[in-house]
2 protein chains.
Amino acid sequence: MAELPVDPLEEVVMGAAELLRARGDRMTAPRRAVLTVLARRQSHLAPEQVVAAVAGLDTGIHRASVYRALETLNDLGVVQHVHLGHGTTAYHLAAEHRHLHAACGRCGAVVDLPGDLLDQVAARLESEAGFVLDPAHVALSGTCSACRG
Amino acid sequence: MAELPVDPLEEVVMGAAELLRARGDRMTAPRRAVLTVLARRQSHLAPEQVVAAVAGLDTGIHRASVYRALETLNDLGVVQHVHLGHGTTAYHLAAEHRHLHAACGRCGAVVDLPGDLLDQVAARLESEAGFVLDPAHVALSGTCSACRG
DNA sequence: GTGTTTGCAAATGTTTTGCAGTGTC
DNA sequence: GACACTGCAAAACATTTGCAAACAC
């Protein structure tokens, strides 16, 4: 098939490169590899999972560089992280990020939820406590339908 | 003042002891110390904070025993833990636990919220996704009023 | 060429585990 | 007196850091 339309990964990488250069930073192999991994797997990945996937892509990239790349790309806004409870953190591309998350405490499954689920709660929190909610930054916790016997 | 009414800590310890014995387990010095610490400070404490507070109470109690006590008492239902995001977990007595939490990503402050804040969301989650929410198990994330310059 | 970023290795910090001795019931 | 639980020390684990070499711009 002829591929005139832009490769989505290519687009992400080029966008990130531009943002990086605008800050005087650079697009490098580790950063490209992290973006590649996150673009391929649509799901949320723990840092160690990213490390493993990157290793399968380019043996030369060090663990520490993956951590540093995740942090840089997160600061840049290209990547976002979610706290899943139980101490684990997961990363994904910010572009995919128009939904909220719930994590099952029993099986660990992550359920995607409509992005507006907490809108009313956020409004109430802001007016009553002056607290500005970032609803996508933590996953709600509970038990998924499959795990309720 | 004469203290005929029961000491609240005493009550917690005795209740826990009973639950422990009912399982064939025992009330021990580390477990009593952890309950004492959590009963005194009303707030949510990270494991290492509990370790530190316990050390100030009884030098002989080992770090590992505090971790084990927290887990046991959590299984028992006497103590509960909340995930505050950013990898940190906090413990408190289950009895104090009729409220939800929000953590400020900037300063780390934990704000207590009304216990019914997520009731509508929980209902919607259950009917639409079959997901049973445990609203107190994770803290909502955002920015507190003091940190919004 | 300049200055950021990397790979490495070691440090860090928290939590877990195996085991022999201790103490609760 | 049994057996759960402890203290200890070491292991496991994830993440961070200092530094000289490498490479993006």
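Reminder, nothing fancy here: chain letters follow the sequence lines and each chain counts from 1. Note that the structure is a prediction, hence the values are computed from the model and not measured.
At distances below 3.5 Å, at least one donor-acceptor pair connects side-chain atoms of A/Gln49 with backbone N or O atoms of A/Ala46. Within the 3.5 Å criterion, the main-chain N or O of A/Ala64 finds a donor-acceptor partner in the side chain of A/His62.
Under the 30°/60° scheme for interplanar angles, the aromatic rings of B/His92 and B/His101 are found to be tilted.
Within residues 60-71 of chain A, the residues that have a heavy atom under 4.0 Å from DNA chain C are, in order of number, A/Gly60, A/Ile61, A/His62, A/Ser65, A/Arg68. Heavy-atom distances under 4.0 Å link DNA chain D to A/Arg26, A/Met27 of residues 23-39 of chain A, given in residue order.
Scanning all heavy atoms of the two residues, the minimum distance from A/Val54 to A/Val66 falls at CG1-CG2, 4.1 Å. Across all non-hydrogen atoms, the minimal contact from B/Ala139 to B/Ala103 is CB-N, 4.1 Å. Residues B/Ala102 and A/Phe131 share a closest heavy-atom pair of CB-CZ, 3.7 Å.
Between A/Arg148 and B/Glu126 there is a salt bridge, since a side-chain N of the basic residue sits under 4.0 Å from a carboxylate O of the acidic one.
Listed by first and then second residue, the side-chain hydrogen bond (donor to acceptor under 3.5 Å, both in side chains) pairs involving residues 68-77 of chain B are B/Asn74-B/His81 (not counting sequence neighbours).
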Expected list for residues 109-120 of chain A: side-chain donor-acceptor pairs under 3.5 angstrom, two or more places apart:
residue, atom, partner, partner atom, Å
A/Asp112, OD1, A/His99, NE2, 3.4

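Rounded to 10 degrees, the angle separating the terminal helix axes of the helix from C/dG1-D/dC25 to C/dC25-D/dG1, each built from five base pairs, is 40°.
Side-chain contact between B/Leu84 and B/Thr89 is absent, with no heavy atoms from C-beta onward closer than 4.5 Å. The closest side-chain heavy-atom distance from B/Glu48 to B/Arg63 is below 4.5 Å.
For DNA chain C, the outermost nucleotides in 5' to 3' order that have an atom under 4.0 Å from a heavy atom of chain A are C/dG3 to C/dC8.
Judged by closest nucleotide on DNA chain C, B/Glu48 is the one of B/Glu48 and B/Arg21 placed further toward the 5' end.
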